[in-house]
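Naming: A, B, ... by sequence-line order, numbering from 1 per chain.
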Amino acid sequence: MAAYWRKTWPFHVLLLPALVLVFLFQYVPLFGAVIAFQDYEPWLGIKGSPWVGFEHFRYLFTYPDGKQIIWNTLIIAGFKLIANLIVPIVFALLLNEVRKMFFKRFVQTFVYLPHFLSWVILGGILIDILSTEGGIINRLLNSFGIQSVFFLGDGRWFRFTVILSDVWKEFGFSAIIFLATLVGINPALYEAAEIDGATRWQQVKLISVPLMMPIVIVVATLSLGRILDAGFDQILNIYNPLVYSHGDIIDTFVYREGLNNGQFSFGTAVGLFKSAIGFILIVISYRMAFKLANYRIF
Amino acid sequence: MIRYVKVARLVTLSVAIALLPTLAACTNSNNQNSASPAASNSTPSATEPAKEEESAEKWNQKFDPPVTITTAIVDDGTSRGNAFKPGESMEDNANLRWMKENMGINVKFDFIVTKPEDYDTKLRLLLSSGGKLPDAFAAGNDPLQNLLAANKLMPLDEAIDKYAHPEYKKLLEKYSYALGEVKKDGKIYGLPAFFMGDEGTVMWIRKDWLENLGLEPPKTLDDFENVLKQFTEGDPDKNGKNDTIGLAVPLKEGPWTWMGQTDAIVSALTDQMINTYDVRLFWNKGADGKLSYGAIHPDAKLYLQKMSDWMSKGFVDKEAGIKDPGKASELAASGKAGIMFGPFWMGDWPLSDATKNNPDADFQPYPLPSGPNGLVGRAEKPLTQGFTVFNKDFQHIDAWFAYFNKIFAKKLEMEGDPLADPRWKDGYHEGYDYVKLDGKVIKGNYEEAGVPADQWPLKDGGTMDIRFMMTNILGNFTSIPHSNVAAVKKFLADPNAEPLTSMEFDTKQMKKRQLDAAGVRINQTVTEGKNYFTGPMTPTMKSKGELLKKLATESYLKIIYGEKPVEYFDEFVKQWLDNGGQKITDEVNEWYAKNQ
């Protein structure tokens, strides 16, 4: 043991600053979460503010629009989670079959560009391209004889628009990790399959997909933890009173209610609630991944 | 509150666009540390007699031993333009040196941050950590209420009485109704920074479209509707395509916002003022002396009926419901819409963009149309843009007022004002906001005026925006409401008139369309609907305000878009009252009874 320490102590010293930082900035602030159970006022501080127990949590659930907001969040986030998993996988598989290197690189770069634009900018662009008068999308629909659709102002279409535009923005970027996995597969497997007479489709089905599964499970597991994040930036920038009933989510609600009115305790309570749900879901999905796919992160 | 941020931004923007060159020019000073000491000494100031006759010359207060005043400020460095000369900064500049030398006031900044959000956070941190607040600083909204509740601020009644400029006292009395936020237990805890109050709505119409169709500018709401119809259906741009509409309007934030607002339509139909996007606006005063929320008044149905009618006929932007004011204005700027309401400054941004895109496009300001019962009017934009508050342990409020009074007197420009500093007769600081050439004061276009390049305030010959330098301990740089009326009239009568006062210098910098619009607004004397509730947010406003705002804005849009019939309004009102609206109404009236 002593010999081990003598050999490795420099590494531990190197690790120390990172540990201290994580402790200071990730763990210590956790104690601030107690204000979720208080009626926090800045001048009274954490020590002096009165305790109110679960009042703020009760408020969220008894708020007249509370149910609708939670429901919107779950629907939007749930569909986003599924779509943001399936689309990049399919896209990665398809792109992997492309043999022209230049084309492959070009497409890859091209589709992940939107990821780097902020929703503030994309929000404005979306309003323009989805416009009912002269927007590209609606003109396209019109040329097929379909009536214009008020994508951003019609409650029935709003969630669909939100999910689709999010997938459009993110799928290229999310595909990178799957593409990397595919590239990492041993070519000998494909060669052997080809010699045995497997078709391309069979190769994809029996080699690519199974070997991608572990990473798919990791990505799915991690994103489950964010099930209550339906995309604050995106929705804040494109929602409007016409679609409140279908598009108002927990985060936009907390933004209006908590930040604009300086209700810090309430904002913290909702944040804590979301983290707790996310934590439980991650634990469950990790257990399931272990049971079903024999996958473990550690 | 978003609205307030927007308004604040807009105001900054409007000031930046419309008044900036003017304000910049109006700041004068005559302390010269480097440029020309001779000039400053030649003004009748003279420091020596001042020492002896301190009481006689009210303007010449010098504190000995010098006092130090601490403050804090937002300075984002990029959007403020030419605020300082190279090498100078918020903490080290000509005005600070001048104050130290001539007034015996040292200014120290406790913190300087780049964003308003950071400023609020800093204040909250100081509160929660029990740190020492600056002596004099700006505060508003939630942090202001926190400071008040924590008893950290100084009551000002006595100091105002003793030290404030008499004219400023009159202003405080006149606009006392707008100061509810800083009143507590009958005392006043903050000094307001006023807006100019000149942003009242005018009607902007494409004059070339009117002419193309042989139409007269609309005088009544019926005329207005006809113009909308013709603009929508009559191909006013003569391009053979059915691609125009009447009115560009943002409805995402309801009937009242900072640009493109439809308060004029509301006012033509009722004497109620309506806003749905903020429970603090508009509280109207009824015949019984009680306040009631405009958005739930039955008269609002008249407005909703009209808008819904126009929406279904395609006279207004079909996508108005998803657009904020900036986005809505693009429709006017791109030549697709012929009418938009809004403040005078729209004559530059955004409407001059229409002319840039098409040289024939000519947006002109017109008086507001009157309704079937002869009603005509607009809403009064809230007059205060923030408050300056004082640490309750601050010892030298007399020194603060000495500086404030000087600035205020300079803005007032009143004959024979004993508080007006003669050293600031021509401007604030020579070589900064003005230069002198052969005895003539020059405040801009230095090159054209023949000023030698080495005397230009800035190397590129541009003007300086000296407000930032002058603000320091003031917290805000206040305007005097409606003080530019005479100047506007003067330049309307003669665009080439010689500007004599700082206000006239400012006004002369306005673009022609802006000046015309300001004139249209001033000449159409109509009542401006006031908001009678100016207090802090009531407890129920805090807990239910967002819900009610959402309910109101959503219900209004549903009716305008025809998703619900106008009769739905009654149901909405019931919901609004049941979900906390009634309680808020009671709280508001309780406040009003106390603070009337």
Practice problem: Please tell me if the side chains of A:F264 and B:R124 come closer than 4.5 Å, counting only heavy atoms from C-beta onward. | Solution: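 Yes; the side chains approach each other to less than 4.5 Å.
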Practice problem: For residues B:K336 and A:E133, determine if any side-chain heavy atom of one lies less than 4.5 Å from a side-chain heavy atom of the other. | Solution: no
Tell me if a side-chain donor or acceptor on [X] pairs with a main-chain N or O of [Y] at a distance below 3.5 Å.
X	Y	value
A:Y239	B:I322	no
A:Y63	B:K544	no
A:E41	B:N146	no

Starting at [atom1] of [X], measure out to [atom2] of [Y] and round the result to the nearest 0.5 Å.
X	Y	atom1	atom2	result
B:L127	A:L44	CG	CG	9.5 Å
B:E563	A:L242	CD	CG	6.0 Å
A:D65	B:E554	CG	CD	7.5 Å
A:Y40	B:S128	OH	OG	4.0 Å
A:Y244	B:S555	OH	OG	11.5 Å
B:L557	A:N240	CG	CG	7.5 Å

Under a 4.5 Å heavy-atom cut-off, does chain A meet the side chain of [X], its backbone, both or neither?
X	answer
B:S129	neither
B:N579	side chain
B:Y556	neither

Self-check item: Portion of A:I69 that has a non-hydrogen atom of chain B nearer than 4.5 angstrom
Solution: side chain
Practice problem: Go through the atoms of A:F266 and report whether side chain, backbone, both or neither lie under 4.5 Å from a heavy atom of chain B. | Solution: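 Contact with chain B involves no heavy atom of A:F266 at all.
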Self-check item: Any residue meeting salt bridge (Lys or Arg N to Asp or Glu O under 4.0 Å) with B:K574, in chain and number order, not counting sequence neighbours
Solution: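 For B:K574, the residues satisfying salt bridge (Lys or Arg N to Asp or Glu O under 4.0 Å) (neighbours in sequence not counted) are B:D578.
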Exercise. Heavy atoms only, distances under 4.5 angstrom: which of A:G134, A:S131, A:G48, A:G45 has the most pairs with chain B? Name it, please.
Key: A:S131
Quiz item: chain B: which of A:D248, A:V243, A:I238 shares the most heavy-atom pairs with it under 4.5 Å?
Solution: A:D248
Exercise. Mind ranking B:K318, B:K550, B:K323 by heavy-atom pairs under 4.5 Å with chain A and telling me who comes out on top?
Key: B:K550
Practice problem: Work out which heavy atom in A:P241 is nearest to a heavy atom in B:K252; give both atom names and the distance. | Solution: CG-O, 3.1 Å
Exercise. Output all residues satisfying side chain to side chain donor-acceptor pair (under 3.5 Å) with B:N151, sequence neighbours left out; order by chain, then residue number.
Key: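 B:N151 satisfies side chain to side chain donor-acceptor pair (under 3.5 Å) with B:K184 once adjacent residues are dropped.
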Exercise. Using a cut-off of 6.0 Å, state whether more than 12 heavy atoms not belonging to B:K132 lie near its atom NZ.
Key: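 More than 12 within 6.0 Å, yes.
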Practice problem: For atom CZ of A:F79, decide whether the heavy atoms of other residues, nucleotides or ligands shown that lie under 6.0 angstrom number more than 12. | Solution: no
Quiz item: Can you pull out the residues in residues 136-168 of chain A with any heavy atom less than 4.5 Å from chain B?
Solution: A:F150, A:L152, A:G153
Listing, residues 120-128 of chain A side-chain donor-acceptor contacts under 3.5 Å, not counting sequence neighbours, or none:
unit_1, atom_1, unit_2, atom_2, d
A:D128, OD1, B:K327, NZ, 3.4
A:D128, OD2, B:K327, NZ, 3.3

